[in-house]
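Structure record follows, encoded as structure tokens.
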Amino acid sequence: MIAQNPFDLFRQECQTVLTVAIKKTLPEITPPAINLKRTANLDFGQLATSLCFELAKKLNQKPILVAKNLVAAVNNSTFEFIEKVEPAGAGYINFHVNFPKFNALILESIKTLNKNYGLVKTDQPKSIIVEHTSVNPLHPIHIGQARNPMLGDALSRILQCRGHNVSRHYYIDDVGRQSSVVAYGYSKLGRPKPNEKADLFVGKIYTVTSCIVEISRLKKGKASSSNTSSADDLAKINKEIDEWTSIAVELKEKYPILFETLMEKIGEDADPEEEINSLNRSYEDGSPDAKNLIREVSDLCLEGFRQTMKRVGVTYDSWDWESDFVWSTQVSEVMAKLKASQFVFSEKGVLEFDAEKVIKTFDLKSKLGLSDNHEISPLTLVRADGTTLYTTRDIAYTIWKFKNAQKVINIIGMEQSLAQLQLKIALYAMGYCENADNLVHFAYNLVTLPGYKMSSRRGHYITFDEVLDEAIQRAYSEVSKRSPSLSDEEKHDIANFVGLGAVRYALLDVDPGKPVVFTWERVLNFETNSAPYVQYTHARACSILRKVEHKPEYLNLELLTERLERELILALAEFPDIFVEATEYLKPNIIADYINTLADKFNTFYNAYPVIKAKTPELSDARIALTKAIQIVLKNALTLIGVFAPEKM
RNA sequence: GGGUCCGUGGCGCAGCACGGAUAGCGCGUCAGCCUUCUAAGCUGAACGUCAUGGGUUCAAAUCCCAUCGGACCCGCCA
């Protein structure tokens with residue numbers, strides 16, 4: 001017998017048995033919902049309920065007495081996967097699984113379903129768009145941003161395995177002012193061909209241009225306001241100038257030629273700030289020159305991104321240009337619709353969206369999980385010069401996404417929580433209520449460097465490529481140390497998947513809501529609780545399986561009676577539940593936790609008992625079957641989070 | 001000032017949605033294990049007022065309130 005979720009058969013059986021017993025002994029009582037939980041410990045059985053504590057109150061009896069009475073009423077003649085039911089502790093009911101039968105159920109299910117084991121399909125498949133990465137095409141993807149594609153890719157993988165139709169979208173934010181900044185610098189340089197990785201090249205131009213323009217803007221502001229402004233304001237401007245000046249010194253040292261050239265060329269313009277704003281306006285208007293220029297520099301940068309993402313096995317189904325939504329009528333349609341609603345007001349010639357009014361009108365506060373005193377601030381939709389703002393364009397983009405999907409999951413940093421909420425509220429205001437309900441902001445916290453916050457504008461960042469390079473390099477020296485006899489080609493091969501796996505795992509295994517402080521030791525961990533540890537464990541299992549020469553004709557899985565073996569069987573049985581939970585609650589990190597736990601248990605088992613040279617050939621065969629099942633599950637789980645499962649390392 | 005998220009051994013984390021039996025794990029520290037299937041491994045020891053104070057409950061790391069501490073947001077940036 002096999003099952004998609006074999007543990008569920010046991011759970012269902014416990015549920016039924018208990019329900020019948022309650023009806024029989026307590027017909028007059030409407031029982032509370034039965035909540036069966038996994039136990040902390042094998043001795044407490046495999047599932048337990050604390051139901052009797054609640055019943056005890058209604059019945060005015062001691063909980064353990066209620067438990068005893070219920071257990072006495074259980075009909076054990078019909079047991080299939082239950083071995084026994086026991087009252088325990090102060091009033092628990094513990095259900096013990098029948099391991100002889102259960103072993104076979106689990107191991108045969110895994111063997112038969114193989115690479116599909118654990119990946120339980122939903123009965124409500126949906127089309128889902130996962131938007132992730134979406135790094136602005138201005139500079140290389142840095143380690144802080146790399147958490148995004150790791151989460152987005154893992155989520156996409158698990159949702160797809162769940163049976164959903166997943167489409168991965170990259171939103172190219174080419175419309176904001178910052179795109180005009182880099183394009184301005186790039187054109188001042190005469191649109192040079194990159195002499196290095198394109199995103200790195202673009203990043204330098206962006207940082208230097210941005211710095212030069214910023215200083216010029218601040219100085220101009222200071223000059224024009226020195227008579228009118230307060231001393232405080234002036235001090236503030238001076239402080240900013242000092243800050244940018246020190247950045248300029250840094251950049252001048254790092255890229256002397258680039259800095260000098262840009263300084264000179266930008267100096268030719270009387271008002272660089274206005275040049276940039278004008279370029280921004282032209283781009284939104286769709287002027288061919290502006291389009292040509294900005295798309296060219298953006299494409300350069302994106303080419304670099306594609307190379308980086310290819311290294312880590314992240315792919316996209318759609319690259320969506322923000323500008324396309326501006327040039328088409330989609331953004332203006334959104335504006336027209338919002339303007340016609342009662343939720344937009346004009347202040348100093350600027351259009352504002354009154355999110356709070358929408359919430360009050362449609363009574364959304366509790367639906368959105370907002371506390372009573374949580375007021376949502378208004379959102380500016382359009383600048384005085386008529387150009388749109390990021391969130392406004394995102395509204396049009398989101399509506400477009402829902403033309404192609406039933407559900408939209410945006411992987412976006414938690415610093416954008418307010419904007420994402422305003423966006424959702426705008427959908428309600430426009431009548432797209434169902435879409436709004438199906439819009440999910442998957443928020444994650446920042447990755448910071450100890451010491452200072454990463455800032456792409458200031459050129460303070462460690463690129464994702466650098467981290468990957470360093471990871472692979474460190475992995476290479478580990479391999480050389482641990483397996484000196486391997487060929488250089490093999491070493492490089494291993495170093496590659498070990499390094500990449502380590503980085504992926506490190507960015508994935510922390511709760512997305514918590515910040516990660518980046519340190520090399522943390523990210524490039526090759527010991528327990530890391531991808532290399534799990535990869536090693538997988539390779540170890542493969543190594544045992546390679547050494548098995550015969551195929552067992554008759555398997556007696558009842559022989560797996562050691563406590564560790566039972567714990568392993570249970571851990572294997574748990575995988576479908578973990579997968580479903582990870583999918584339904586969007587928690588890819590629990591997959592990472594799970595494989596580590598499973599690997600731990602297998603390594604303990606490995607050290608405690610011989611597999612091939614077990615006491616009897618029958619026991620050996622049973623343990624080989626167990627090892628095979630573990631290898632399959634480790635591989636399935638690693639694949640879910642995008643980590644390679646090697647056969648040797 | 002208002003809001004959101006977070007606070008668990010020296011350090012880094014899990015557990016909290018759905019309250020239940022002795023709070024798990026890694027690093028680091030200490031003591032051990034390779035003539036036996038991969039030592040990127042394993043075994044043992046030490047280390048905890050689960051930020052603090054109340055409340056709800058038979059039962060609180062988990063739920064509620066307050067306080068303190070940290071991060072982030074409140075822009076005609078994205």
Side-chain angles (χ1 to χ4, degrees), chain A residues 33 35 37 39-41 43-44 48-50 53-54 56-57 62-63 88-92 94 134 136 173 175-179 347-352 370-371 373-377 379-385 387-391 393-394 413-419 421 443 445-446 448 453 457 475 478-479 481-483 498 509-511 513-517 519 521-522 525-530 532-537 539-548 581 585 587 589-590 593 596-597 599-600 603-614 620 623-624 627 648-649:
Chain A
N35 194 2
K37 287 216 156 187
T39 56
N41 189 317
D43 303 325
F44 298 147
T49 178
S50 54
F53 291 95
E54 290 171 67
K57 247 170 77 183
K62 286 202 162 182
Y92 299 94
N94 292 344
S134 303
N136 295 358
D173 178 15
V175 177
R177 212 190 79 101
Q178 68 307 117
S179 285
E347 192 170 279
K348 295 175 200 159
V350 170
L351 289 179
E352 301 274 348
L370 306 172
S371 57
N373 46 0
H374 189 176
E375 289 205 1
I376 304 302
S377 46
L379 170 74
T380 305
L381 293 168
V382 186
R383 290 190 188 90
D385 70 357
T387 54
T388 53
L389 282 107
Y390 172 80
T391 309
R393 301 185 296 261
D394 206 4
M414 64 163 220
E415 72 278 5
Q416 288 196 47
S417 293
L418 177 60
L421 189 56
N445 215 316
L446 302 170
T448 54
K453 197 179 146 185
R457 264 178 87 203
E478 286 297 314
V479 184
K481 205 162 65 193
R482 296 170 201 270
S483 314
V498 165
D509 86 337
V510 181
D511 183 319
K514 295 191 178 179
V516 170
V517 178
T519 58
E521 306 84 77
R522 176 187 187 129
N525 174 19
F526 297 130
E527 292 172 349
T528 306
N529 210 349
S530 71
Y533 171 69
V534 181
Q535 289 174 315
Y536 182 77
T537 309
R540 179 179 254 181
C542 288
S543 164
I544 294 176
L545 297 169
R546 259 198 310 275
K547 292 201 163 67
V548 177
E581 189 188 336
Y585 296 99
K587 283 159 61 167
N589 51 314
I590 67 173
D593 282 347
N596 187 60
T597 306
D600 258 348
N603 283 319
T604 305
F605 166 77
Y606 172 89
N607 276 274
Y609 304 105
V611 173
I612 293 169
K613 289 174 186 163
S620 172
R623 285 187 180 156
I624 288 162
T627 304
K648 276 186 189 173
M649 71 181 265

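Note on naming: letters A, B, ... go to the chains in the order of the sequence lines (proteins, then strands), and numbering restarts at 1 for each one. Everything numeric here is computed off the predicted structure, so don't read it as measured data.
- In this structure the side chain of A:Asn603 reaches within 4.5 angstrom of the side chain of A:Tyr533, judged on heavy atoms.
- Between A:Gln178 and A:Asn136, some side-chain heavy-atom pair lies under the 4.5 Å cut-off.
- Computed from coordinates, the A:Arg177 CZ to B:G75 C1' distance equals 13 Å when rounded to whole Å.
- Contact between the side-chain N/O atoms of A:Arg540 and the OP1/OP2 oxygens of B:A39 is found at a separation under 4.0 Å.
- Pairing for B:C63 goes to B:G55, judged as Watson-Crick or G-U wobble with the two contacts each under 3.5 Å.
- Using a 4.0 Å heavy-atom criterion, one finds that A:Asn41 contacts the bases of the nucleic acid, with or without backbone contacts as well.
- Using a 4.0 Å heavy-atom distance criterion, A:Lys648 is classed as a base contact.
- Within 4.0 Å of A:Ala419, counting heavy atoms only, lies at least one base atom of the nucleic acid.
- Heavy atoms of A:Val175 sit nowhere under 4.0 angstrom from any nucleic acid atom.
- Contacts of A:Ser371 with the nucleic acid, taken as non-hydrogen atoms under 4.0 Å apart, involve only primed sugar atoms and P, OP1 or OP2.
- Residue contacts shown for A:Glu347 are absent, as no nucleic acid heavy atom lies under 4.0 Å away.
- The CD-C1' distance, from A:Gln535 to B:G41, rounds to 15 Å in whole Å.
- Side-chain N/O atoms of A:Thr39 and A:Asn41 include no donor and acceptor closer than 3.5 Å.
- Taking for each of A:Pro63 and A:Asp600 the nucleotide of RNA chain B with the nearest heavy atom, the 5'-most of the two is the partner of A:Asp600.
- At least one side-chain heavy atom of A:Arg522 sits under 4.5 Å from a side-chain heavy atom of A:Val516.
- Note on A:Val498: a base of the nucleic acid sits closer than 4.0 angstrom, heavy atoms only.
- Between B:G3 and A:Asn373, a contact under 4.0 Å exists linking OP1 or OP2 to a side-chain N or O.
- One C1' atom belongs to B:U22, the other to B:G7, and the distance between them is 25 Å to the nearest Å.
- Base orientation for B:C34: syn, the chi torsion being within 90° of 0.
- Among the atoms of the strands shown, only primed sugar atoms or phosphate atoms (P, OP1, OP2) are found under 4.0 Å from some heavy atom of A:Ser377.
- Among the atoms of the strands shown, only primed sugar atoms or phosphate atoms (P, OP1, OP2) are found under 4.0 Å from some heavy atom of A:Pro515.
- Pair check for B:U4 finds B:A71; Watson-Crick or G-U wobble, both atom distances under 3.5 Å.
- Rounded to an integer number of Å, the gap from A:Ile376 CD1 to B:G75 P is 13 Å.
- Stacking of A:Tyr533 onto the six-membered ring of B:A40 is not present when judged by under 5.5 angstrom between centres and under 30° between planes.
- Residue A:Arg393 is in sugar-phosphate contact alone, with no base atom involved, counting any heavy-atom pair closer than 4.0 Å across all strands shown.
- Between the side chain of A:Asn94 and the base of B:A21 there is at least one donor-acceptor pair of N/O atoms closer than 3.5 Å.
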Intermediate values then yes/no, side-chain contact (heavy atoms from CB on, under 4.5 Å), A:Tyr390 and A:Gln416: CA-CA 11 Å; A:Tyr390 172 80; A:Gln416 288 196 47; 3.6 Å; yes
